[in-house]
Amino acid sequence: MIAAYILNPERTRYGLKDLALEFLGRKSKTYEELIGGKNSGPLLEIPENELAEYATADSQNTFDLYKIFEKELEAKKQTELFEKIEMPLVEVLADMELAGVKIEARRLKKISEELAEKLKALEKDIFCLAGEKFNINSPQQLGKILFEKLKMPALRRTKTGSSTGADVLEKLASEFEIAAKILEYRTYSKIKSTYTDALPEMIDPKTHRVHTSFNQTVAATGRLSSSAPNLQNIPARTELGQKIREAFIAEKNSKLIAFDYSQIELRILAHFSEDKKLIEAFKGDLDIHAVTASQIFKVPLEAVTSQQRRAAKTINFGIIYGMGALSLAESLKISRTEAQEYINKYFENYHDVREFLNSILEGAKEKGYVETLYGRRRYFPEIAGPASRFRSFAERAAINAPLQGTAADIIKLAMVRVRGQTPLSRRTEVSVPKMILQVHDELVFEVPEEEVSVVSKSITKIMEEIVELKVPLKVSCGFGNSWAEAG
DNA sequence: CACTAGTGCAA
DNA sequence: TATTGCACTAGTG
């Protein structure tokens with residue numbers, strides 16, 4: 001499974017099982033029927049006389065695949081990634097899933113009740129402004145009210161009608177009270193349905209904790225993903241979000257410690273591009289967004305305003321995503337011309353970044369793939385094709401993949417290193433800090449409170465020294481009784 | 001029940 | 001026409 005993922009991390013075009021079959025040269029039916037396709041239930045439901053057959057087929061197929069993948073991995077220089085990162089990570093993830101995270105259900109339920117009241121009041125206001133009752137959660141019904149009945153201007157279309165997305169409603173909010181109310185309604189409704197209502201339901205009655213799945217073979221860039229429940233998208237930015245995170249707590253006499261790679265993708269950009277100015281900024285441990293702002297706006301570092309810094313921050317992130325002038329203009333609420341000027345100034349200053357991005361695209365067109373620091377590949381067959389829409393999309397993803405993917409490589413390696421090479425049999429003899437969550441550039445641990453200081457130092461060191469780049473890696477950490485305090 | 005569309009949360 | 005994910009609700013078949 002993991003070898004198949006490394007050899008072809010695209011999830012959108014075809015499933016891993018089909019890919020495995022392709023390598024195996026067997027018909028889908030045989031494999032699906034024997035080791036379980038869509039209709040495969042729990043092992044116990046398989047008739048006893050067939051169990052041996054299933055087990056044999058599964059083992060045989062796995063072994064056959066291994067022999068094929070071994071050569072394939074070697075040919076594509078993926079052996080180190082496979083053996084040093086992804087395979088050892090399997091156990092780390094298993095431990096994390098089994099450990100789970102403690103959640104204070106009562107706290108979430110209380111928030112839920114408060115939200116229910118706010119929603120009720122907002123619903124009343126919205127119906128009053130609309131002049132009728134309807135389902136606010138239905139974009140279709142809402143669109144009819146806003147854009148047909150109330151004749152508000154439709155600013156964006158979807159496949160099926162007029163968009164009621166937050167970006168549209170924000171533009172209408174100052175003129176139309178109902179738009180502002182709906183935005184507020186959506187915020188609360190989202191938090192209530194996805195977090196305060198759903199999470200308490202997911203608490204395992206046996207462990208009294210929530211056990212997510214960390215999916216290792218899903219993301220095309222090499223990142224992990226999390227599901228059932230997704231613990232990688234717990235609110236963080238708003239005050240209400242912090243309240244949700246206050247419900248993620250440590251056991252009695254323990255604390256949560258959160259370790260966060262600071263600006264890891266921009267540091268990787270600095271490393272790959274070897275841009276002198278970017279490297280200097282990170283070597284000096286400067287505020288990278290402020291530095292970028294001072295360069296773009298040609299003001300001294302100390303004179304950068306918060307607005308300028310915010311704009312520079314958007315540009316810095318935009319670069320990582322291959323953003324164009326139009327979307328920069330949109331998110332900064334400035335003209336396209338002005339946005340283009342910012343981008344031009346950015347590249348005038350970070351000259352080597354432009355060269356690097358161009359070289360990524362050249363390489364992708366020539367070889368058909370891009371690579372991370374550890375050689376993880378992502379293929380872009382459409383990048384040399386004629387369809388400009390697909391090509392542009394591929395170009396942006398090709399710029400992003402080495403940066404996002406290298407960050408994934410690095411944190412995965414750090415996770416393996418933290419876990420150490422302890423054999424399973426010695427697991428209970430050795431004190432290993434309990435890793436409970438990974439959120440792309442962040443690791444969360446639960447440790448006895450007397451160990452907080454020691455563990456903070458040792459894990460920060462491991463994470464910062466896991467690889468030596470042309471710029472230092474910086475890790476910030478915090479601890480507390482809840483994820484809100486630690487983060 | 002399976003699936004899609006729209007929407008919105010995270011890094 | 002800014003990357004990568006997952007989940008919720010509505011709506012369709």
Side-chain angles (χ1 to χ4, degrees), chain A residues 9-12 38 134-143 156-170 182-183 185-199 201-202 212-215 217-238 240-241 244-245 260-266 314-332 336 339 343 370 378 388-405 407-408 411 437-443 483 487:
Chain A
E10 295 302 310
R11 147 192 95 88
T12 44
K38 274 187 179 171
F134 64 101
N135 187 342
I136 305 170
N137 291 316
S138 162
Q140 192 188 91
Q141 293 183 36
L142 180 62
R156 189 161 56 82
R157 283 193 58 79
T158 65
K159 286 176 195 168
T160 55
S162 302
S163 172
T164 68
D167 52 335
V168 172
L169 295 183
E170 269 160 30
I182 288 160
L183 280 168
Y185 181 94
R186 284 245 177 96
T187 303
Y188 295 142
S189 174
K190 173 77 178 180
I191 299 288
K192 184 171 184 293
S193 64
T194 309
Y195 304 104
T196 62
D197 287 345
L199 282 174
E201 298 296 314
M202 306 289 292
T212 183
S213 293
F214 285 106
N215 313 303
T217 57
V218 169
T221 54
R223 272 189 175 187
L224 298 177
S225 78
S226 158
S227 59
N230 180 0
L231 295 185
Q232 290 181 324
N233 74 340
I234 303 302
R237 294 166 193 183
T238 64
L240 183 57
I244 305 297
R245 289 196 171 210
D260 209 301
Y261 275 115
S262 162
Q263 314 293 358
I264 188 165
E265 289 182 4
L266 285 174
T314 304
I315 295 169
N316 276 334
F317 278 105
I319 296 296
I320 290 170
Y321 302 145
M323 181 170 62
L326 211 61
S327 37
L328 180 63
E330 177 74 15
S331 56
L332 289 180
R336 183 183 178 158
I343 292 174
V370 297
R378 184 175 176 188
S388 75
R389 198 170 152 237
F390 291 112
R391 198 178 60 235
S392 300
F393 193 84
E395 285 176 355
R396 293 194 298 274
I399 284 171
N400 177 259
L403 304 172
Q404 193 183 111
I411 197 168
L437 292 172
Q438 190 254 41
V439 192
H440 311 306
D441 64 359
E442 175 185 10
L443 293 177
W483 197 3

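Per chain, numbering begins at 1; letters A, B, ... match sequence-line order.
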- Query: Which listed nucleotide (C:dT4, C:dG11, C:dG5) is nearest to the side chain of A:Phe393?
  - Reply: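 The nucleotide sitting nearest to the side chain is C:dT4.
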- Message: Of the options C:dC6, C:dT9, C:dT4, whose atoms approach the side-chain atoms of A:Ser227 most closely?
- Response: C:dC6
- Query: Which part of the nucleic acid, if any, lies within reach of A:Ala228 when heavy atoms closer than 4.0 Å are counted: base, sugar-phosphate only, or nothing?
  - Reply: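 Sugar-phosphate: the residue A:Ala228, judged by heavy atoms under 4.0 Å, touches backbone atoms but no base.
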- Message: Considering every strand and a 4.0 Å limit on heavy-atom distances, what is the contact class for A:Arg157: base, sugar-phosphate, or nothing?
- Response: nothing
Quickly work out the [X] [atom1] to [N] [atom2] distance and round it to whole Å.
| X | N | atom1 | atom2 | answer |
| --- | --- | --- | --- | --- |
| A:Glu265 | C:dT4 | CD | C1' | 9 Å |
| A:Leu403 | C:dA2 | CG | P | 17 Å |
| A:Ile315 | C:dA2 | CD1 | C1' | 13 Å |
| A:Leu224 | C:dC6 | CG | P | 11 Å |
| A:Leu326 | C:dA2 | CG | P | 8 Å |
| A:Lys192 | C:dA7 | NZ | C1' | 16 Å |
| A:Glu201 | C:dA7 | CD | P | 15 Å |
| A:Asp197 | C:dT9 | CG | C1' | 13 Å |

- Would you please say whether a donor-acceptor pair under 3.5 Å links the side chains of A:Ser331 and A:Thr314?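 Per modelled atom types, A:Ser331 and A:Thr314 side chains form no pair under 3.5 Å.
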- Between the side chains of A:Asn400 and A:Thr221, does any donor sit under 3.5 Å from an acceptor?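 No, no side-chain donor-acceptor contact under 3.5 Å.
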- Query: Below 4.5 Å, heavy atoms only, C-beta onward: do A:Ile319 and A:Leu328 meet side chain to side chain?
  - Reply: no
- Residue pair A:Ile234 / A:Arg245, side-chain heavy-atom distance below 4.5 Å: yes
- Message: Taking only side-chain N and O atoms of A:Ser138, does any of them lie within less than 4.0 angstrom of OP1 or OP2 on C:dG11?
- Response: yes
- Message: Check the phosphate of C:dT1 against A:Ser392, side-chain N and O only, distance under 4.0 Å to OP1 or OP2. Yes or no?
- Response: no
- Task: Identify the heavy atoms of A:Pro139 and A:Thr164 that sit nearest to each other, and give their distance.
- Result: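 Smallest interatomic distance, heavy atoms only, reads O-CG2, 3.9 Å.
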- Query: For the residue pair A:Glu265 and A:Leu403, what are the closest heavy atoms and their distance?
  - Reply: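 Closest approach of A:Glu265 to A:Leu403, heavy atoms only: CG-O, 4.0 Å.
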- Check if the side chain of A:Thr314 and the base of C:dA2 share a donor-acceptor pair of N or O atoms closer than 3.5 Å. no
- Item | Residues that A:Asp441 engages under side chain to side chain contact (heavy atoms under 4.5 Å, CB included), provided they are two or more places apart |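 Applying side chain to side chain contact (heavy atoms under 4.5 Å, CB included) to A:Asp441 gives A:Asp260, A:Tyr261, A:Ile264.
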- Item | Nearest-angstrom distance, P atom, C:dT1 to B:dA5 |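 Roughly 15 Å separates the two P atoms.
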- Note on the structure: Quick tally for nucleotides 5-11 of chain B: nucleotides whose base has a protein heavy atom under 4.0 Å get B, sugar-phosphate-only ones S, the rest -, giving SSSBBSB
